[in-house]
Engineer: 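Shown below is the structure under consideration.
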Amino acid sequence: AALYSNTSARQVTCANNLTVTAGTVNTLSGAQPSTNLTVTALTDVTGTLTLNGSAATFTGAVTINSGGTIGKNSGTGLTSFAGNVTVNAGGTFSHTGAGGTITQTGANKQITINGTGTITGSVGNNITVNVSYALLFGNGSTVSLQYVTISQPGTLASDHALQFGGSTNTITQIDNV
């Protein structure tokens with residue numbers, strides 16, 4: 001299913017929980033521009049949420065379950081998380097495209113990847129990951145980072161921005177980080 005907004009603002013707000021149990025929810029419909037997405041509560045993904053070039057704002061916790069994927073294939077449109085993000089074993093978080101930005105706005109919140117995490121920019125157009133606590137790869141995760149800038153902006157910096165923990169991780173690529 002594609003999210004579609006018939007207004008010039010191209011904005012859809014889910015004013016409660018967003019649950020994707022199967023199939024694909026896509027923010028791009030045909031030749032139309034990407035629709036921006038705001039979720040005001042929890043997000044739980046077992047299917048696929050494809051963000052394309054959309055600006056996406058998640059104000060609650062985000063969980064990607066086994067078999068689930070949140071993917072963004074464009075550097076346009078900020079992806080913002082206010083709560084913790086957890087990618088469970090078998091889940092995938094993928095953000096690719098030149099010059100994109102992932103920002104975590106909640107204090108002491110982190111992005112924990114126990115499944116597959118792929119963040120790939122391009123030469124001269126890194127993807128910027130602003131975390132309030134840490135980007136943590138743990139518990140058997142598979143990691144691919146290329147052309148990525150990881151930082152802790154402002155007064156939120158309280159820990160290591162990039163952490164590896166838990167059991168053995170599989171690193172397929174760490175390049176220009």
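The model shown is predicted, which means the values in this text are computed figures rather than measured ones.
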Engineer: Enter the distance from S151:OG to L162:CG here, rounded to the nearest 0.5 Å.
Structural biologist: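 So the gap between those two atoms works out to 12.0 Å.
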
Engineer: Measure the spacing between OG1 of T79 and CZ of F93 and express it to the nearest 0.5 Å.
Structural biologist: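 With rounding to 0.5 Å, OG1 (T79) is 6.5 Å from CZ (F93).
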
Engineer: Ignoring hydrogens, what is the shortest heavy-atom contact between N125 and A98? Give both atom names and the distance.
Structural biologist: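 Closest approach of N125 to A98: CB-CB, 3.6 Å.
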
Engineer: Taking the side chain as every heavy atom from C-beta outward, state whether T170 and F137 have any atom pair closer than 4.5 Å.
Structural biologist: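 With C-beta onward as the side chain, the pair stays apart.
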
Engineer: For residues T27 and T50, determine if any side-chain heavy atom of one lies less than 4.5 Å from a side-chain heavy atom of the other.
Structural biologist: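 When only atoms from C-beta onward are counted, T50 and T27 do not touch, as no gap falls below 4.5 Å.
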
Engineer: When you measure from the side chain of Q104 to the backbone N and O of G83, does any donor-acceptor pair fall under 3.5 Å?
Structural biologist: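 Present.
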
Engineer: Within a strict 4.5 Å, meaning less than it, do heavy atoms of the T69 and I64 side chains meet?
Structural biologist: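 In short, these two side chains do not touch, never coming nearer than 4.5 Å.
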
Engineer: Donor-acceptor pair, T86 side chain versus I111 backbone, under 3.5 Å?
Structural biologist: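 Between the backbone of I111 and the side chain of T86 there is no qualifying donor-acceptor contact (under 3.5 Å).
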
Engineer: Is it true that L136 and I127 fall in one hydrophobic cluster, defined by side-chain heavy atoms closer than 4.5 Å?
Structural biologist: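 Looking at the clustering, I127 is in a separate group from L136.
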
Engineer: Any luck finding a side-chain donor-acceptor pair between N52 and N26 under 3.5 Å?
Structural biologist: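 N26 and N52 do have a side-chain donor-acceptor pair below 3.5 Å.
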
Engineer: Are any of the side-chain heavy atoms of L49 and L18 separated by less than 4.5 Å?
Structural biologist: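 In contact.
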
Engineer: After noting the C-alpha distance and the side-chain angles of L42 and F58, does the key distance pass the side-chain contact (heavy atoms from CB on, under 4.5 Å) rule?
Structural biologist: CA-CA 8 Å; L42 304 176; F58 300 90; over 6 Å; no

Engineer: Quick one, S144 with T172, criterion side-chain contact (heavy atoms from CB on, under 4.5 Å). Give me CA distance, side-chain angles, the key distance, then yes/no.
Structural biologist: CA-CA 5 Å; S144 178; T172 59; 3.3 Å; yes

Engineer: List in chain and number order the residues that pass side chain to side chain contact (heavy atoms under 4.5 Å, CB included) with N126, two or more places apart in sequence or in another chain; answer none if no residue qualifies.
Structural biologist: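 For N126 the side chain to side chain contact (heavy atoms under 4.5 Å, CB included) partners, ignoring immediate neighbours, are Y147, T149.
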
Engineer: Go through the steps for D44 and N17 under the test side chain to side chain donor-acceptor pair (under 3.5 Å), then give the verdict.
Structural biologist: CA-CA 8 Å; D44 189 79; N17 296 341; over 6 Å; no

Engineer: Ignoring hydrogens, what is the shortest heavy-atom contact between S80 and T105? Give both atom names and the distance.
Structural biologist: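 Heavy atoms only, the tightest pair is OG-CG2, 3.6 Å.
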
Engineer: Side-chain contact test, heavy atoms from C-beta onward, threshold under 4.5 Å: evaluate it for H95 versus T118 and give yes or no.
Structural biologist: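 Contact flag for H95/T118 side chains = no.
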
Engineer: Rounded to the nearest 0.5 Å, what separates atom OG1 in T92 from atom CD1 in I70?
Structural biologist: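 Nearest 0.5 Å value for the OG1-CD1 distance: 10.5 Å.
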
Engineer: Between N114 and A89, is there a donor-acceptor pair closer than 3.5 Å when you use the side chain of the first and the backbone of the second?
Structural biologist: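 Side chain of N114 to backbone of A89: no pair is present.
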
Engineer: Does a donor on one side chain sit under 3.5 Å from an acceptor on the other, for T38 and Q11?
Structural biologist: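 Side chains of T38 and Q11: pair found under 3.5 Å.
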
Engineer: Distance check, rounded to the nearest 0.5 Å: L135 atom CG versus I113 atom CD1?
Structural biologist: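 Here the rounded value is 5.5 Å.
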
Engineer: Taking side chain as C-beta onward, heavy atoms only, is S66 less than 4.5 Å from N88?
Structural biologist: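 No. Closest side-chain heavy atoms not under 4.5 Å.
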
Engineer: For T24, does its backbone N or O pair with a side-chain atom of T48 as donor and acceptor, under 3.5 Å?
Structural biologist: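 Side chain of T48 to backbone of T24, a donor-acceptor pair under 3.5 Å: no, none is there.
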
Engineer: In Å, rounded to the nearest 0.5 Å, how long is the span from OG of S54 to CG of L78?
Structural biologist: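 Answer rounded to 0.5 Å: 11.5 Å.
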
Engineer: To the nearest 0.5 angstrom, please state how far the CG atom of N84 sits from the OG1 atom of T112.
Structural biologist: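 Rounded to the nearest 0.5 Å, the CG-OG1 separation comes to 6.5 Å.
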
Engineer: Verify the distance criterion only: is there a donor paired with an acceptor across the side chains of S74 and T76 at less than 3.5 Å?
Structural biologist: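 Yes, because at least one side-chain N or O of S74 sits under 3.5 Å from a partner of the opposite role on T76.
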
Engineer: Check step by step if side-chain contact (heavy atoms from CB on, under 4.5 Å) holds for N130 and I102.
Structural biologist: CA-CA 6 Å; N130 297 314; I102 302 166; over 6 Å; no

Engineer: For the pair V45 and T63, evaluate side-chain contact (heavy atoms from CB on, under 4.5 Å) and give the outcome as yes or no after the intermediate values.
Structural biologist: CA-CA 6 Å; V45 178; T63 302; over 6 Å; no

Engineer: Would you indicate whether the side-chain heavy atoms of V20 and T46 approach each other to under 4.5 Å?
Structural biologist: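 Not in contact.
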
Engineer: Compare every heavy atom of N16 with every heavy atom of V39, then report the nearest pair and how far apart it is.
Structural biologist: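 For V39 and N16, the tightest heavy-atom pair comes out as CG1-O, 3.7 Å.
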
